[in-house]
Amino acid sequence: MMSMITIKEQCDNAWKMINSGDLIGAEHVANAMLADLGKNPEKNDDVFRIYDVLAFSYIYRGMPKDALAYTFIMSDIADFLQNPSYQFKSNNILCLLHQEMSLIDKALEYGNRAYQLATESNNKKNLSTITGNLGLIYSSASNDQLALTYLFEAEQTAKALDWKDHLAVIYGNIANVFSKHSDYVRSLEYFQYSLEIHEANNNIKEKGRVLGNLAIVYLALSDFPRAISYFEQALEIHEAVDYKRGVLSWAAGLGDSYKDVGDFSASMKYYNKVIEVNKDVDDKAMEAKIYNSLGDLALLVGTYEDAFLKYSCSLE
C-alpha cells in the first residue's frame, strides 16, 4: 500500500509549480492543504510551509497586499516556535513587501530585525540576503550612498558563498542605483552581469526583470528601437509566468516608448493594458502615473477635455 504524501512533499511540489510559473496552481494546492487541516490548525513546521507557499504565490504575481496577511501568519508561527530561521524569513519577506508598498519606515523596521537575527546566528547567506534588501530599501528612500554600501557588502558575501542567483539580483540592484544617477555606462555593465547569470541559471522570471530594466536605460538614452525590443521581451516573459507587477511596469514602458516615437495608437493600447491589469494589483502610484501619461497623450493629439479628465484622475 502506498504511503500518503506528506505536507512537506506537497509543499515541495507546490514550489516546483511556483518556479515553473504556475502560481495559481500552487495557491490552490496550498489552500487544499489548509482545508484538510481544518480550522485553527496547530502552529507547526508544516503550517509555516503552507503559508510560505501562499505568500509567494501572491508575491510573484506582484500582489503584495494579498501576500502580507499570509506573511504575518508566518511571523506569528515563527515566534510561537521560536525558530530563528523562520523568524528571519518572515521578517525579511515583511521587509520587502512593505518596501514594495512604499512603506519605507516599516520596511526598515522589519529589515533591521532580520539583520539582527542574521548577525546573531552568524548565517552568511541570510546576511547577504538582508544586506542586499536593505540596500534596495535605502535606494528607495533616496539614501543611495548607504544603499551602495549595503549592496557592495552583499556582493562580497555572495561571492564568498559562490551564490550566483543572489549575486545576479544584487548586480541588478546596483545597476538600478547607478541608473538613478544617470550613470548609464555602469548601469548597463551591472545589468549585463546580472543578465548573464540569470540566463546561465535559466531563471526566466528574473531574466524578464533585467530585460525590462535594460529597456528603461535605453529609453533614457532615447534608443527607442532597443528600448521597445527589450520591453517587449520582458513583457512576454512576465505575462507567461503571470507576474503582474512586471506586466504593469513593462506595458507602461512600452506606452512611454511608443508615445515618444509618435505611435499614439500603440501607446494608448499599452497604457490601457496597465489600467486593466492594475485592477488585480491596485498600485495607486502606478495608476496615478498612467493617468498622467494618458493626459500627456491626450494633449499631444489635441483632445484637451480628455486631457483634463485624465489629469484630474491622476491628481485624485
Side-chain angles (χ1 to χ4, degrees), residues 62 100 102 132 135-136 138-145 147-148 151-152 155 167-200 203-239 243 245-274 277 283 285-286 288-301 314:
E100 191 160 354
S102 301
L136 184 67
Y138 278 115
S139 179
S140 298
S142 298
N143 190 341
D144 290 320
Q145 186 173 355
L148 286 174
L151 287 167
F152 286 133
E155 177 195 6
L167 189 58
V169 173
I170 294 165
Y171 283 147
N173 290 336
I174 292 171
N176 277 322
V177 175
F178 285 131
S179 183
K180 279 174 65 179
H181 293 276
S182 302
D183 188 345
Y184 297 126
V185 172
R186 279 200 285 183
S187 179
L188 289 170
E189 178 186 353
Y190 276 95
F191 277 136
Q192 197 59 46
Y193 292 156
S194 181
L195 183 63
E196 286 169 5
I197 295 173
H198 287 316
E199 286 182 330
N203 192 329
I204 301 301
K205 177 173 166 286
E206 290 301 322
K207 177 183 174 181
R209 191 194 303 274
V210 177
L211 289 169
N213 284 324
L214 279 166
I216 290 170
V217 175
Y218 285 118
L219 183 59
L221 292 168
S222 298
D223 186 343
F224 300 115
R226 202 173 295 189
I228 288 170
S229 173
Y230 279 120
F231 276 135
E232 286 176 340
Q233 292 175 64
L235 180 63
E236 183 180 356
I237 287 171
H238 282 165
E239 282 186 320
Y243 181 55
R245 178 70 62 181
V247 172
L248 286 181
S249 298
W250 317 138
L254 281 164
D256 293 342
S257 301
Y258 280 114
K259 182 178 67 179
D260 288 346
V261 299
D263 188 341
F264 300 144
S265 175
S267 179
M268 177 75 76
K269 180 183 81 170
Y270 284 109
Y271 285 149
N272 284 332
K273 183 182 186 69
V274 175
V277 174
D283 182 334
M286 176 62 79
K289 175 186 181 298
I290 292 304
Y291 276 117
N292 189 70
S293 297
L294 284 167
D296 292 344
L297 199 58
L299 274 185
L300 288 168
V301 299
S314 179

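Worth knowing before you read on, the calculation uses all heavy atoms, side chains too, and leaves out hydrogens, waters and symmetry mates.
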No-hydrogen, no-angle side-chain donor-acceptor test under 3.5 Å, N213 and Y230: no
Contacts of D183 meeting side chain to side chain donor-acceptor pair (under 3.5 Å) (sequence neighbours excluded), chain-then-number -> R186
Under 3.5 Å, side chain of S194 to main-chain N/O of Y190, donor-acceptor pair present?
no
- Could you tell me whether the side chain of F152 reaches within less than 4.5 Å of the side chain of I174, counting heavy atoms only? yes
Closest heavy-atom pair, L235 versus A251, reported as atoms and distance to 0.1 Å, is CD1-N, 4.2 Å
In this structure, CD of E206 is separated from CZ of R209 (nearest 0.5 Å) by 4.5 Å
Nearest heavy-atom approach of A227 to A215 is O-CB, 3.4 Å
field: Full working for side-chain contact (heavy atoms from CB on, under 4.5 Å) between L148 and Y138
entry: CA-CA 9 Å; L148 286 174; Y138 278 115; over 6 Å; no
Requested in this report: Determine whether L219 and F224 make a side-chain contact, defined as any pair of heavy atoms from C-beta on separated by less than 4.5 Å.
Outcome: yes
Practice item. Kindly check if the number of other-residue, nucleotide or ligand heavy atoms within 6.0 Å of CD (E236) is above 12? Key: no
Under 3.5 Å donor-acceptor pairs involving side-chain atoms of residues 258-268, not counting sequence neighbours:
| residue | atom | partner | partner atom | Å |
| --- | --- | --- | --- | --- |
| Y258 | OH | E232 | OE2 | 3.2 |
| D263 | OD1 | A266 | N | 3.2 |
| S267 | OG | G255 | O | 2.7 |

Residues passing the side chain to side chain donor-acceptor pair (under 3.5 Å) test with H238, sequence neighbours excluded, are W250
Residues at least two apart in sequence or cross-chain that pass side chain to side chain contact (heavy atoms under 4.5 Å, CB included) with D223, listed by chain then number, are Y218, P225, R226
Of all heavy-atom pairs linking G212 and A234, the shortest is N-CB, 3.5 Å
One should read off an interatomic distance between I197 CD1 and N203 CG, to the nearest 0.5 angstrom, of 11.0 Å
ask   = Okay, side chain of K180, backbone of S139: is any donor-acceptor separation there less than 3.5 Å?
value = yes
R245 and E100, any side-chain heavy atoms less than 4.5 Å apart:
yes
- Trace of the side-chain contact (heavy atoms from CB on, under 4.5 Å) decision for K273 with V247: CA-CA 9 Å; K273 183 182 186 69; V247 172; 4.1 Å; yes
D256 backbone acceptor or donor facing Y271 side chain under 3.5 Å = yes
Residue set satisfying salt bridge (charged side-chain N to carboxylate O under 4.0 Å, His left out) with E155, at least two apart, ordered chain then number -> K159
Sorted by chain and number, sequence neighbours left out, side chain to side chain donor-acceptor pair (under 3.5 Å) with N292 holds for none
